[in-house]
Amino acid sequence: MIKISLPDGSIKEVENGSSALDVAKSISQGLARNVLSASFNEKTVEVNDPLPGDGSLVLYTWDNPEGKTAFWHSSAHLLAQALAQLYPGIQLTIGPAIDNGFYYDVDFKGQEFGEADFSKVEKLMLENARQKSEFKLRAISKADALDFYKGNPFKTELIENLEDGTITFCDHANFTDLCRGGHIPNTGFIKAVKIMSVAGAYWRGNEKNPQLSRVYGTSFPKAALLTEYLELLEEAKRRDHRKLGKELELFTFSQKVGQGLPLWLPKGAELRERLEQFLKKAQRTAGYSPVITPHIGNKELYVTSGHYAKYGKDSFQPIRTPDESEEYLLKPMNCPHHCEIYKSSPRSYRDLPIRYAEFGTVYRYEQSGELHGLTRVRGFTQDDAHIFCTPDQLKAEFQKVIDLVLYIFKTLDFQNFTAQVSLRDKEDRSKYIGSDENWEKAENAIKEAVIEKGLDYVVEYGEAAFYGPKLDFMVKDALGRQWQLGTIQVDYNLPERFELEYKGSDNESHRPVMIHRAPFGSMERFVAVLLEHCAGNFPLWLMPTQIAILPISDKYLDYANKVSSLLKNYDLRALVDQRAEKTGRKIRDAEVAKIPYMLIVGEKEEGDETLSVRRHGGSDLGSMSIADFIKHIDAEVAAEIGEFE
RNA sequence: GCCUGUGUAGCUCAGUUGGCCAGAGCAGCUGAUUUGUAAUCAGCUGGUCGGGGGUUCGAAUCCCUCCACAGGCUCCA
């Protein structure tokens with residue numbers, strides 16, 4: 001007998017050779033039916049394999065992320081099996097579980113595969129699933145593994161990088177795949193399957209490598225869950241910022257202007273302006289000085305900064321002047337310009353920190369396939385600022401920026417953000433410029449600042465900017481894709497390259513440290529993510545049109561216009577629906593336009609100088625005097641914005 | 001840039017074995033209606049079927065090519 005301890009603290013005695021599944025059966029039949037994976041002594045094990053001895057066991061079902069991972073990982077095997085059956089001669093590479101499903105990268109060896117083929121793959125997968133084939137993991141020697149995959153350069157490469165003695169294959173039915181393990185008991189658990197898309201993916205993510213076809217799929221233990229998931233995707237589509245942006249007339253694109261170059265329509269521009277004013281006010285409080293710099297700069301400037309060497313190919317081609325020796329670049333970054341402003345005058349330690357802020361529009365030649373609505377464009381405006389400070393001031397300045405970012409996220413109700421500390425790649429240091437010593441200092445300053453602020457964060461190695469480590473604030477869009485919004489970056493390198501100096505109290509020259517920071521990130525991306533976050537129902541203070549005044553008939557137009565001009569005097573944004581439509585229609589249109597407040601005015605309201613107030617979404621707030629309504633709105637806006645201290 | 005798709009009126013979409021003059025709803029315009037909490041009625045306007053080239057007696061439909069968009073891959077705000 002062996003002793004198995006379970007998460008609830010209980011200890012189960014089971015016979016030698018029992019599997020995780022046997023333990024589940026000894027607890028309850030219901031559990032046994034639902035167990036998808038297990039970990040033994042904190043290591044993932046095969047649920048069907050005998051447990052090696054005493055230890056602690058955790059069983060996972062669909063309700064645990066571990067269970068889903070095993071489920072989708074196993075589904076990837078099922079997909080590979082079906083593809084291999086349908087397309088003889090294809091080469092399999094890798095097929096991991098991902099956030100909402102799985103994919104498999106295959107080389108179709110020239111065979112056609114497109115959307116039209118999805119249903120036959122799904123059908124075959126389900127057919128195979130019904131066989132209830134067990135997944136069996138077995139050890140294999142490196143030599144045998146290489147022999148098995150002779151002729152498949154991808155698997156061969158994977159195996160070569162593995163240690164002999166640790167290599168395992170997974171068999172189910174008559175299908176075998178290189179695999180490290182973690183499977184569901186058998187294929188019968190997979191009840192619903194959907195191939196989502198097929199896309200090109202370079203082997204190991206490197207565009208110099210051959211391109212494979214990545215087949216994306218998802219699967220579920222119940223058909224109803226698949227339906228539910230597809231409905232969720234539909235809902236996400238309704239929240240898509242590209243759709244809402246069009247409907248709410250915020251922005252557009254024109255082929256004639258160019259790819260990735262957003263055109264802000266009046267309502268969108270107004271919204272964006274309000275966001276800018278909001279941040280400018282907070283930045284005034286925080287001691288920033290506004291600066292303004294031009295849209296182009298001499299190429300030499302970016303050669304000095306190192307941007308040209310690193311991002312030259314991602315820039316628009318240089319602009320030439322009639323003077324042949326001159327080359328200008330559409331500015332891809334604002335920092336070199338700000339460095340030159342710093343240098344425009346000698347600086348003393350008494351001047352620091354200096355904080356230059358600019359809503360600077362920058363241009364980057366993103367590959368056409370990269371462009372995506374407002375979240376990835378070729379011309380965008382950063383809410384950029386550069387803080388020049390002494391090394392002693394770095395941590396405090398960094399923390400002040402964190403406060404500013406958190407204030408913004410709080411005001412706009414972004415609760416589900418991820419703070420990511422991005423550090424250098426541990427192995428490859430060649431991607432970065434600057435001394436090890438400075439990198440160490442910068443990385444430590446960020447870590448300390450984040451810990452002292454009590455921020456939840458994850459550390460990502462290799463995600464740093466080429467000139468320094470950073471702290472990024474990531475938010476997910478409607479489809480679950482993660483985008484970087486706010487960013488705070490420490491930089492010892494630009495001060496060096498631009499030979500920035502200040503005179504210390506010791507009358508010696510010293511080098512300042514720079515912080516690059518953009519709490520929104522870019523206005524374009526921020527508006528996009530905000531739009532999806534609130535499904536177009538922006539907070540009242542941001543709404544381009546806050547109030548729709550709806551006269552019952554044109555007899556009350558005069559009163560409606562009078563109310564409108566009164567509201568405008570209070571800096572409120574109202575429109576009067578002058579159409580000869582029925583009230584029901586006017587309300588519907590205002591609802592569809594997501595206007596927060598509707599004021600219905602007719603005979604009664606005109607008589608006693610009141611308003612009949614309706615809130616977007618259907619609630620009737622009843623009758624109110626104009627003064628009370630203004631107070632009501634002011635209170636709502638004040639509650640939304642709060643003060644930055 | 002590459003892979004897989006998509007592109008018909010301002011918007012959403014029909015037109016899918018090539019065949020009268022390319023359709024609908026919404027929006028817009030004109031008129032009637034003077035209306036009380038999610039769509040009043042009628043009429044009218046609006047299209048180089050993404051651009052170019054080709055096959056054909058005949059192309060939105062088939063072929064080639066370019067462009068844009070969408071979902072991915074690398075990078076990044």
Side-chain angles (χ1 to χ4, degrees), chain A residues 103 105 108 112-118 196-216 237 240 242-243 246-247 249 252-256 258-260 310-311 313-314 332-333 360 362 364-377 380-384 463 465-466 472-474 479 481 483-487 489 516 518-526 528-529 550-557 579-592 598-605 612-622:
Chain A
Y103 68 77
D105 281 353
F108 277 101
E112 302 252 326
F113 184 76
E115 258 170 54
D117 306 303
F118 290 2
M196 304 300 292
S197 65
V198 55
Y202 297 102
W203 171 237
R204 306 220 135 166
N206 187 335
E207 59 185 313
K208 290 188 185 76
N209 288 341
Q211 188 164 44
L212 307 167
S213 298
R214 177 166 298 178
V215 182
Y216 284 90
K237 263 193 217 161
D240 191 309
R242 293 163 297 188
K243 183 176 155 64
K246 192 180 273 181
E247 282 169 8
E249 300 173 322
T252 189
F253 289 89
S254 158
Q255 262 188 60
K256 292 189 174 135
Q259 272 187 291
K310 184 82 183 167
Y311 291 115
K313 65 171 173 15
D314 301 325
M333 315 255 170
V362 296
R364 298 180 190 169
Y365 189 81
E366 301 286 351
Q367 295 190 95
S368 65
E370 289 302 321
L371 301 172
H372 180 92
L374 277 188
T375 49
R376 175 73 107 268
V377 288
F380 58 99
T381 302
Q382 293 179 311
D383 55 326
D384 213 356
E463 291 293 313
F466 75 97
D472 291 326
F473 293 83
M474 325 282 286
L479 290 168
R481 285 174 298 220
W483 295 101
Q484 178 186 325
L485 293 180
T487 178
Q489 316 182 347
H516 306 241
F520 289 139
S522 88
M523 300 312 293
E524 285 73 10
R525 182 178 291 177
F526 193 84
V529 176
L550 314 178
I552 297 289
S553 82
D554 53 17
K555 281 187 229 156
Y556 313 107
L557 256 180
R579 296 174 302 170
E581 289 288 350
K582 290 191 173 179
T583 310
R585 176 55 182 272
K586 292 182 181 178
I587 287 171
R588 184 190 142 79
D589 288 347
E591 286 284 353
V592 168
M598 283 148 270
L599 305 177
I600 293 118
V601 295
E603 188 179 357
K604 185 172 143 302
E605 287 75 18
S612 177
V613 183
R614 180 190 158 105
R615 176 82 226 213
H616 171 70
S619 50
D620 189 344
L621 305 187

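Below, chains carry the letters A, B, ... as their sequence lines are ordered, and counting in each starts from 1.
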*Return the value, rounded to whole Å, for the distance between atom NE2 of H372(A) and atom P of C73(B).*
12 Å
*Looking at the side chain of S368(A), which of A38(B), G1(B), G71(B) is the nearest nucleotide?*
G1(B)
_pi-stack flag for F380(A) and A77(B), centroid dist under 5.5 Å, interplanar under 30°_ = yes
*asked:* Could you tell me how far apart Y365(A) (OH) and C76(B) (P) are, to the nearest whole angstrom?
replied: 18 Å
*Within the structure shown, what part of the strands sits under 4.0 Å from G584(A) by heavy-atom distance: base, sugar-phosphate, or nothing?*
sugar-phosphate
*asked:* Work out how far the P atom of C67(B) is from that of G51(B), and round it to whole angstrom.
replied: 15 Å
*Which is true for K604(A) with a 4.0 Å heavy-atom rule: it touches a base, it touches only sugar-phosphate, or it touches nothing?*
base
*May I ask which nucleotide in the shown strands pairs with G28(B), Watson-Crick or G-U wobble, both distances under 3.5 Å?*
C44(B)
*Report the nucleotide, chosen from U12(B), U37(B), C75(B), that has the shortest atom-to-atom distance to any side-chain atom of S612(A).*
U37(B)
_Please verify the inter-ring angle class for F108(A) with F113(A); under 30° counts as parallel, over 60° as perpendicular, anything in between as tilted._
parallel
*Partner residues of Y365(A) under the side chain to side chain contact (heavy atoms under 4.5 Å, CB included) criterion, sequence neighbours left out*: F316(A), R378(A)
*Heavy-atom side-chain proximity of F380(A) to V362(A) below 4.5 angstrom*: yes
_Does L550(A) reach a base, just sugar-phosphate, or nothing at all? Heavy atoms under 4.0 Å._
nothing
*Set of side-chain hydrogen bond (donor to acceptor under 3.5 Å, both in side chains) partners for R204(A), sequence neighbours left out*: E157(A)
*Look through every strand shown and name the nucleotide pairing with A70(B) as Watson-Crick or G-U wobble, where both distances are under 3.5 Å.*
U4(B)
*Taking Q484(A) for its side chain and F473(A) for its backbone only, find out whether a donor-acceptor pair lies under 3.5 Å.*
no
*Rounded to whole angstrom units, what separation is found between the CG atom of N206(A) and the C1' atom of G1(B)?*
13 Å
*Let me see the working for E581(A) and D589(A) under side-chain contact (heavy atoms from CB on, under 4.5 Å), right down to the final yes or no.*
CA-CA 11 Å; E581(A) 289 288 350; D589(A) 288 347; 5.9 Å; no
*asked:* Using atom P in both nucleotides, what's the gap between U33(B) and A70(B) to the nearest angstrom?
replied: 47 Å
*asked:* Please classify the nucleic acid contact of V362(A) as base, sugar-phosphate, or nothing, using heavy-atom distances under 4.0 Å.
replied: nothing
*Could you work out the separation of U35(B) and U30(B) based on their P atoms and round it to a whole Å?*
23 Å
_Need one value for Y216(A): base, sugar-phosphate or nothing, where a base atom within 4.0 Å counts as base even if backbone is also close, heavy atoms only._
sugar-phosphate
*Using the P atoms only, state how far C63(B) lies from G5(B), rounded to an integer number of Å.*
13 Å
*Between G1(B) and A60(B), how far apart are the C1' atoms? Round to whole Å, please.*
31 Å
*Of the nucleotides A39(B), U35(B), C75(B), which one has an atom closest to the side chain of I552(A)?*
U35(B)
_Suppose we define a pair by two distances each less than 3.5 Å, Watson-Crick or G-U wobble; what does U37(B) pair with here?_
none
*Check whether any side-chain nitrogen or oxygen of K555(A) sits under 4.0 Å from OP1 or OP2 of U35(B), and answer yes or no.*
yes
_Side chain of R585(A) only, heavy atoms from C-beta on: which candidate in G71(B), A39(B), G36(B) is closest?_
A39(B)
*Just how far, in rounded Å, is P of U30(B) from CD of E581(A)?*
13 Å
*Separation of the P atoms in U40(B) and C26(B), to the nearest angstrom*: 11 Å
*Can you find a donor-acceptor pair, distance only, under 3.5 Å between E605(A) side chain and G36(B) base?*
yes
*asked:* As a test of reading the structure: which of A38(B), G1(B), G71(B) is closest to the side chain of E591(A), going by heavy atoms?
replied: A38(B)
*asked:* Ignoring hydrogens and geometry beyond distance, is the side chain of R204(A) in donor-acceptor contact with the base of C73(B) at under 3.5 Å?
replied: no
_Nearest to the R525(A) side chain among A77(B), G1(B), U35(B), which nucleotide is it?_
A77(B)
_N/O donor-acceptor pair under 3.5 Å between D240(A) side chain and R242(A) backbone_ = yes
*Give the nucleotide from the list C73(B), A39(B), A77(B) with an atom nearest to the side chain of Y202(A).*
C73(B)
*Start at the 5' end of RNA chain B and walk down; is the nucleotide closest to R214(A) or to R588(A) reached first?*
R588(A)
*Watson-Crick/G-U partner (both atom distances under 3.5 Å) of U16(B)*: none
*Rounded to the nearest angstrom, tell me the gap between atom CZ in R376(A) and atom C1' in C75(B).*
7 Å
_Just N and O in the side chain of Q255(A): are any of them under 4.0 Å from OP1 or OP2 of C67(B)?_
no
_Only pairs with both distances under 3.5 Å count, Watson-Crick or wobble alike; so what is the partner of A60(B) in this structure?_
none
*asked:* Nearest to the E115(A) side chain among C69(B), G5(B), A70(B), which nucleotide is it?
replied: G5(B)
*Who does A9(B) pair with, Watson-Crick or G-U, both distances under 3.5 Å?*
none
_Interatomic distance at P, U16(B) relative to G54(B), whole Å_ = 26 Å
*At under 4.0 Å between heavy atoms, what does G622(A) touch on the DNA or RNA strands: base, sugar-phosphate, or nothing?*
nothing
*Is the number of heavy atoms from other residues, nucleotides or ligands within 6.0 Å of CD (E247(A)) greater than 12?*
yes
*When all nucleic acid strands are considered with a 4.0 Å heavy-atom cut-off, which category describes A580(A): base, sugar-phosphate, or nothing?*
base
*D314(A) has an atom CG; how far is it from atom P of C76(B), in whole Å?*
9 Å
*Mind calculating the distance between CD (E603(A)) and P (U37(B)) to the nearest angstrom?*
15 Å
*Over all atoms of both residues, closest heavy-atom pair of R525(A) and L485(A)*: CG-CD2, 3.8 Å
*Find which nucleotide of RNA chain B each of I600(A) and E524(A) is nearest to by heavy atoms, and output the residue with the more 5' nucleotide.*
I600(A)
*Does C49(B) have a Watson-Crick or wobble mate here (both distances under 3.5 Å), and if so which one?*
none
*Starting from C1' on A77(B), measure out to CG on D384(A) and report it in whole angstrom.*
10 Å
*Smallest separation among heavy atoms of G617(A) and E591(A), with atom names*: N-OE1, 3.0 Å
*C64(B) versus U6(B) - spacing of their P atoms, nearest Å*: 14 Å
*For Q259(A) and C67(B), is the shortest distance between a side-chain N/O and OP1 or OP2 below 4.0 Å?*
no
*Identify whether any heavy atom of G521(A) sits under 4.0 Å from a base atom; if not, whether one sits that close to sugar-phosphate; answer base, sugar-phosphate or nothing.*
sugar-phosphate
*Answer yes or no: side-chain N or O of Q489(A) and base N or O of A77(B) forming a donor-acceptor pair under 3.5 Å.*
no
*Give the nucleotide from the list U35(B), U4(B), G36(B) with an atom nearest to the side chain of V198(A).*
U4(B)
*asked:* Please pick, from G72(B), G36(B), G1(B), the nucleotide with the shortest atom-to-atom distance to any side-chain atom of A199(A).
replied: G72(B)
